[in-house]
Structure formats: C-alpha cells, structure tokens
Amino acid sequence: MKTLLIIYHSITGGSKAMAHAVAEGAATETATRTLLLHASETTADHVLQADGYVFITPETLGSMAGLMKDFFDCTYYAVLDQINGRPYTALVCAGSDGQGAVKQIQRIATGWRLSEMATPEIVCTQAQTPEAILAPKTINPENLQRCRDLGAAFASGLAMGLF
Ligand SMILES: Cc1cc2nc3c(=O)[nH]c(=O)nc-3n(C[C@H](O)[C@H](O)[C@H](O)COP(=O)(O)O)c2cc1C
C-alpha cells in the first residue's frame, strides 16, 4: 500500500486546518495510507517510507516558516538521492503573498528531484495588520474543499500508480 505523507507547520491555525482537510480528502481513498505529521515530528525515516508528499506552511517574513525549514534542514541530506522522482505538492497559507515560501519549497524539491504533481496553492487569509496576523485563522469552506479535493486526487493517483 502506498503512503501519502502530509507535513505541516502552523502558527495561527490556517495551515493546520488546510493540512487536516488534505488528510480528510486523502482518507477517502482507502487504498492509500495517509500520514499527517507536524514538521517537528517528521523524521528522515518518515520521508523515506512515504511515496508522495504534501508540504504545508505559513509564509513568514517572505519565507516558509522556521519550523518547516527546520524539517527540511534536518532531513535533506539523510534522504537525498533516495526519493528521486516521487510526487509532491506544496500549500502555503499567507497573509497576502506566499510566493517566497512556494519558491523555497520548489527549490528544495528540485534538489530532492521530486516531481510536482500539482501547481502549488496559496491560500491568502488577508491578514496584514499585527492584530489580524496574530489572530486565529479560519480558512473559508471553498479553500478547505480545494484542500480535500487535492488530498483525494493525490491519494487516488498514488493508488492507481499515476505518479
Ligand atoms: C512573523 C510573521 C511574518 C509574516 N510574514 C508574511 C509574509 O511575508 N507574507 C505574507 O503573505 N504573510 C505573512 N504573514 C502572515 C501569515 O502568513 C498569515 O497570518 C497566515 O495566515 C499564517 O498561517 P497560519 O495560520 O498557518 O500560521 C506573517 C505572519 C507572521 C506571524
């Protein structure tokens, strides 16, 4: 059975809600195992044992969030050249931009020789003042449904051997 590994970090809950929605969608494909892990608990072994990846992070200061970067820093060389060609996609929860985080993840995925199974998605929460940025985030139903659909499509594609 193939495994879809969903790795996320979140500060105010937006990326976490997106990650859970992706996992919910993926779980509808019972022929694929879904593993949802916070970045801080994801090891190189988890990465090696999975068949596809969804990376989900907030954008902070124009970058992916620090704990997500730490996950890549801690696993990058331990899995290099052992996961070539496996599929991935990235989801970024941003206040208003998100492009910086997407580009960083794409560069790392290129280094890992991963294959992008879908264009990365950015969900903007419109948080631009300090108060709005620090407030808990609610992701709107349409975006959560897109996350569910992505999870279902990814898990089905893995089960069918499309990727
Ligand atoms: C320290 C900090 C820096 C941020 N910098 C950016 C940024 O560069 N670009 C952007 O679009 N949003 C930025 N944001 C806003 C977050 O991306 C936004 O609040 C997002 O919804 C957070 O996702 P989360 O709820 O999963 O933590 C920043 C937030 C914080 C706390």
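It should be emphasised that the depicted structure is a prediction, and the values quoted were computed from it without experimental measurement. We count residues from 1, following the sequence as given. Start at 1 and go down the list; that is how both ligands and their atoms are numbered.
- Less than 4.0 angstrom separates some heavy atom of Ile11 from each of these atoms of ligand 1: 24 (P), 26 (O), 27 (O).
- Between Leu91 and Thr57 there is no side-chain heavy-atom pair separated by less than 4.5 Å.
- Taking distance alone, with nitrogen or oxygen atoms compared against 3.5 Å, Thr60 stays at or beyond that limit from ligand 1.
- Of all the heavy atoms of Glu59, the ones lying under 4.0 Å from any atom of ligand 1 are found in both the backbone and the side chain.
- One finds the CD atom of Glu24 at 4.5 Å from the CZ atom of Arg148 (value rounded to the nearest 0.5 Å).
- Closest to atom 19 (O) of ligand 1, if we only count protein heavy atoms, is Lys137 CE, 3.3 Å.
- Each of the atoms 22 (C), 24 (P), 25 (O), 27 (O) of ligand 1 lies under 4.0 Å from some heavy atom of Thr12.
- For ligand 1, the polar-atom distance check against Ala127 finds no nitrogen or oxygen pair separated by under 3.5 Å.
- His38 and Tyr8 have perpendicular rings, their planes meeting at more than 60° on a 0 to 90° scale where under 30° would count as parallel.
- Comparing Thr125, Ile139, Leu61, Asp97 against atom 1 (C) of ligand 1, the shortest heavy-atom distance belongs to Leu61.
- Taking the six-membered ring where the residue is Trp, Tyr53 and Trp112 present tilted rings, their angle falling between 30° and 60°.
- Here Glu59 contributes atom CD and Ile122 contributes atom CD1; the two are 7.0 Å apart, rounded to the nearest 0.5 Å.
- Residues forming a ring pair (Phe, Tyr, Trp, His ring centres under 6.0 Å) with Phe154 (at least two apart in sequence, or on another chain): Phe163.
- Listed by number with element, the atoms of ligand 1 under 4.0 angstrom from any heavy atom of Ser96 are 10 (C), 11 (O).
- Taking distance alone, with nitrogen or oxygen atoms compared against 3.5 Å, Pro58 stays at or beyond that limit from ligand 1.
- Within ligand 1, the atoms closer than 4.0 Å to a non-hydrogen atom of Gly14 are 24 (P), 25 (O), 26 (O), numbered from 1 in the order shown.
- Judged purely by distance below 3.5 Å, without hydrogens or angles, the side chains of Lys137 and Thr12 pair a donor atom with an acceptor atom.
- Nearest protein heavy-atom neighbour of atom 20 (C) of ligand 1: Cys93 O, 3.7 Å.
- In this structure, the protein non-hydrogen atom closest to atom 18 (C) of ligand 1 is Gly95 N, 3.6 Å.
- Heavy-atom proximity to Gly62, at under 4.0 Å, picks out these atoms of ligand 1: 7 (C), 8 (O).
- Heavy-atom proximity to Ile133, at under 4.0 Å, picks out these atoms of ligand 1: 29 (C), 30 (C), 31 (C).
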- Item | Working for side-chain hydrogen bond (donor to acceptor under 3.5 Å, both in side chains), residues Asp149 and Gln145 | CA-CA 6 Å; Asp149 292 345; Gln145 189 55 47; 2.9 Å; yes
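- Arg86 CZ: more than 12 foreign heavy atoms inside a 6.0 Å radius.
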